[in-house]
> 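Next up is a structure, given as structure tokens.
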Amino acid sequence: MPTASVLDSLNEEQRAAAGHVSGPALVLAGAGSGKTRTVVHRIAHLMDAHEVYPQQILAVTFTNKAAQELKERVEGLVGPAAREVWVSTFHAACLRVLRTYGSNVGLESGFGIYDDGDQLDVLKEILKSVAGLEDANPRALRAAIDRAKSHLWTPEVYAERAAERYGAVVSGMEVEQIVEVFARYEQRLKQQNAVDFNDILGRTVELFDHHPDVLDRVQQRAVFMHVDEYQDTNAAQYRLTRQLSESYRNLMVVGDPDQGIYAFRGADVQNILDFQRDFEDAQTYRLELNYRSVPPVLKVANAVIAQNSDRLDKVLKPTKDDAEPVRIHQAADHRAEADFVARMVEQELAASGGDLNRFAVLYRTNSQSRVLEESLRRAGLETRIVGGVGFYERREVKDALSYARAALNAQDDVSWRRVINRPKRGIGDTSVEHLTRFAQRHGVPFSAAVNRHEEVLKGTAAGKKVQAFAELMQDLQEASASLPAGKFLAYLLDVTGMIEALKQEGSFEAQGRLENLDELRTAVEEWESEHGGSIAEFLDESALMASVDDSAVKAVNQGEVPSDAVTLMTLHNAKGLEFPVVFLVGLEEGLLPHRSSTGSLREVEEERRLLYVGLTRAEEALYLVHCDQRMTFGRTEPARVSRFVEDVPPALLRYVDAFGEATGRTAGRPKLGGLTWRSPALSQEPAGGTRAPAPGGAYKGGETVRHPKFGEGKVVGVSGSGAKTELTVVFPEVGAKRLLVKFAKLERVH
DNA sequence: TCCATAGTTCTTTTT
DNA sequence: GAACTATGGA
């Protein structure tokens, strides 16, 4: 007797997976195959047809954004009951467990979370006192320690494993020394009642290992468990998954081995490949029908990923109608590349309308975003940058939150030392050094040394100032306990003198910082009115949030980031998202694959998967761009098209010129010269002076020209030659424009 | 103690 | 090119 089911709207593949009820299941879901849709419907189906309580369902994702989306979609299907489903990232879920049960593993209430910057501070402090490592690179150490901890290795285990895996020297440092620093680092964090990101997972594993009663309680919330992006789980996440699912075994993992892009932080694609070994009775479901991208895009994506040797055979099958081929453009340099993107956005907009939210520009490294942003803005196109230097990493914001952390945790040396002289209050490095040494000698926190400044500084001039600081902190400690989050932050900004100091400074930059603090205050207030909660809870949430458009930060950006904008982000950030029109830029050797990831086949294949992720974001149109030369570290160097592009059958790509017109050239080894145009900034100094002489009648800087649309303007730069001569012209109305003489119908004005 | 300046290092990617 | 660090003078 068939009745209407929530599964009716799914295709056959999806329905099979979503209809899975008990026991372990592996869902191999290709890009754009409706993975989230399947999970959402599965949850709804459990509640609907099998009377599973929402409180028994756990779904773990990798990003806050993915969690948010999943939550909303489940609610859309089953209504308010969905709010009882536990949807969370691994980190947020574990943090919640630790806040409740952390005392079982030596975490005192109010423990702090150290981000990358805090980690570096701790390491720098340690390096001062370890002989032979005075000038070791703290970043390299952090990388080594992070890697170890993502495998759940203690310093002792690391000593063994590192020796056998990498030999006696890692990144130019003796393994023995790394182990020494690692051990001290762990000790410091413990003393400071703080955890780093890896600890959030690692301590939870430890807690579950040693406290079966706690594990049992949490398992009750995970009777039906889902893990998204399972191919990106590291050892800690793998262990957590096993622990939480071991009693009920209703575990559904979803993922795509071809989209594993986090090996660098310990993720192991083997986890998903081994799922059937781990759970012999696992059902496997495959989703291969792609609903996202037009066939030309899928053909390129399939061709790229097929080059990987270490993978399951899988092809994305199109469901959409055929469309324009994937376009590829060779630009002279990063500025020309950015201008090309801006121009294509304008053209697409003119041709088919729609808004800027349809467009995304994806790149390998954050540093590529600057030029792209400039060009788009110059063309009058709004941009939205996802990720990058986060709001919470800006100095003034970090200072303000450090005050809050210091007030909440007297053992947090990193925060105390950070704020003691912010704003400048006459407590210099020497005094801080004295206080630090006193604290070390007596085995007490830095804050204790501050409170006992009379013993340390013996009534010197600095002593008076430290006295005032001690009183300030005392005051803040009390305020943090009595004031709600928003009021506390406002109070803090006031009494610490942060606002006052910036007002005094009066510079343009200080103005910006003031605005940021104001935004922070708004964010805290809005967060408080939405979720309620203390400043401590706000700190937790903001600590786990890197990306600019996650919930608590959204408020911050509402005034600033337009709702209609081109999205700019790294390829890593793009995973799970989709856009009608996608630009992949910087497809060059050294960038993709990145120069630091070409050492082994494993690394190169991960880079290829990264490209695959980027390609499969596009719904309707896809542009690939690479440059002849690229600036790195402020130096311009020749660049070659990525090997990944050369592997694509030329017939699948259509080369276009700077204006999007087909060049007739097919992909493959480009002829040098004549095909690209040059940006003025670089052509001022042609390499080797080989530039062809300008033909007679060429434009010169300083001349006035008339453009049919922009009116009269002044030539400020000339570059390229022959048919590719390009001018930079400043127009009074629209500002600087770059124009190809061949296309722009210019007239000389005398 | 603070500030200006010159030098240096740096870029993968993120919860 | 930018952000961070060391340095020397006020």
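Given the structure is predicted, the values throughout are model-derived calculations rather than measurements. All chains are named by letter (A, B, ...) in the order of the sequence lines, taking the proteins before the strands, and each is independently numbered beginning at 1.
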> Assign each of A:K465 and A:E606 to its nearest nucleotide of DNA chain B by heavy atoms, then name whichever residue's nucleotide is nearer the 5' end.
A:K465

> Measure up the A:Y158 and A:W153 rings against each other and bin them: parallel (under 30°), tilted (30 to 60°), perpendicular (over 60°).
tilted

> Does the distance from a Lys or Arg side-chain N to an Asp or Glu carboxylate O, for A:E69 and A:K65, drop under 4.0 Å?
no

> If every non-hydrogen atom of A:Y392 is compared with every non-hydrogen atom of A:L401, which pair is closest and at what distance?
CD2-CD1, 3.5 Å

> Which whole-number value in Å describes the distance from A:E393 CD to B:dT14 P?
10 Å

> With A:L152, which residues qualify under side chain to side chain contact (heavy atoms under 4.5 Å, CB included), at least two apart?
A:V205, A:A236, A:R239

> Which part of the nucleic acid, if any, lies within contact of A:F90, taking any heavy atom under 4.0 Å across all strands shown: a base, the sugar-phosphate backbone alone, or nothing?
nothing

> Determine the interplanar angle of the A:F90 and A:F62 rings, folded into 0 to 90°, and report it as parallel if under 30°, tilted if 30 to 60°, perpendicular if over 60°.
perpendicular

> Could you check A:E393 against A:K398 for salt bridge (charged side-chain N to carboxylate O under 4.0 Å, His left out), going step by step and ending with a plain yes or no?
CA-CA 6 Å; A:E393 280 148 55; A:K398 181 111 204 234; over 6 Å; no

> Can you tell me how far P of C:dG1 sits from CZ of A:R335, to the nearest Å?
9 Å

> Pick base, sugar-phosphate or nothing for A:N198, based on heavy-atom distances below 4.0 Å to the nucleic acid.
nothing

> For nucleotides C:dA6 and B:dT11, find the distance between their C1' atoms and express it as a whole number of Å.
22 Å

> Roughly, in whole Å, what's the span from CG in A:L240 to C1' in B:dT15?
13 Å

> Is any NZ, NE, NH1 or NH2 atom of the basic residue among A:D228 and A:K35 found under 4.0 Å from an Asp or Glu carboxylate oxygen of the other?
yes

> Going by heavy atoms closer than 4.0 Å, what residues in residues 428-438 of chain A are next to DNA chain B?
A:G428, A:T430, A:S431

> Between C:dG1 atom P and A:M631 atom CE, what is the distance in whole Å?
6 Å

> Among B:dT13, B:dC2, B:dT14, which nucleotide sits nearest the side chain of A:N421?
B:dC2

> Using whole Å, what does the distance between atom C1' of nucleotide B:dT15 and atom CZ of A:R147 come to?
17 Å

> Mind checking what makes side chain to side chain contact (heavy atoms under 4.5 Å, CB included) contact with A:E500, not counting sequence neighbours?
A:Q504

> Who passes ring pair (Phe, Tyr, Trp, His ring centres under 6.0 Å) against A:H572, sequence neighbours left out?
A:Y262, A:F264

> Before accepting this row, confirm whether a basic side-chain N of the pair A:R377/A:E373 lies closer than 4.0 Å to the acidic partner's carboxylate O.
yes

> In chain order, what residues pass the salt bridge (Lys or Arg N to Asp or Glu O under 4.0 Å) check against A:D268, with sequence neighbours excluded?
none

> Measure from CZ on A:R142 to P on B:dT14 and round the result to the nearest Å.
13 Å

> What's the CZ-C1' distance between A:R370 and B:dT11, to the nearest Å?
14 Å

> Across the strands shown, which category fits A:T570 at heavy-atom distances under 4.0 angstrom: base, sugar-phosphate, nothing?
sugar-phosphate

> Would you kindly give the CD1-to-C1' distance between A:I427 and B:dT1, to the nearest whole Å?
11 Å

> Quick one: which of B:dT14, C:dG1, B:dT15 gets closest to the side chain of A:N366?
B:dT14

> Go through the structure and list residues passing ring pair (Phe, Tyr, Trp, His ring centres under 6.0 Å) with A:F583, not counting sequence neighbours.
A:Y623

> What residues form a side chain to side chain contact (heavy atoms under 4.5 Å, CB included) with A:D256, not counting sequence neighbours?
A:D258, A:Q259, A:K314, A:Y612

> Using a heavy-atom distance cut-off of less than 4.0 Å, which residues of residues 595-602 of chain A contact DNA chain B?
A:S596, A:S597

> Can you name the residues that form a ring pair (Phe, Tyr, Trp, His ring centres under 6.0 Å) with A:W86, not counting sequence neighbours?
none

> Any N/O pairs under 3.5 Å between the protein and nucleotides 4-10 of chain C? List them or say none.
residue : atom : partner : partner atom : Å
C:dT5   : OP1  : A:K124  : NZ           : 3.4

> Would you check if A:F264 stacks with the base of B:dT13, given a 5.5 Å centroid limit and a 30° plane limit, both strict?
yes

> Identify the pairs formed between an N or O of the protein and an N or O of nucleotides 3-9 of chain B at a distance under 3.5 Å, and give each distance.
residue : atom : partner : partner atom : Å
B:dC3   : OP2  : A:K424  : NZ           : 3.2

> For B:dT14, take OP1 and OP2 only and decide whether either is under 4.0 Å from a side-chain N or O of A:N573.
yes

> Of all residues at least two apart in sequence or in a different chain, which pass the side chain to side chain contact (heavy atoms under 4.5 Å, CB included) check with A:D196?
A:Q119, A:K149, A:Y185, A:L189, A:N198, A:D199

> Name the nucleic acid region contacted by A:F62, choosing base, sugar-phosphate or nothing; use a 4.0 angstrom heavy-atom cut-off, strictly under.
sugar-phosphate

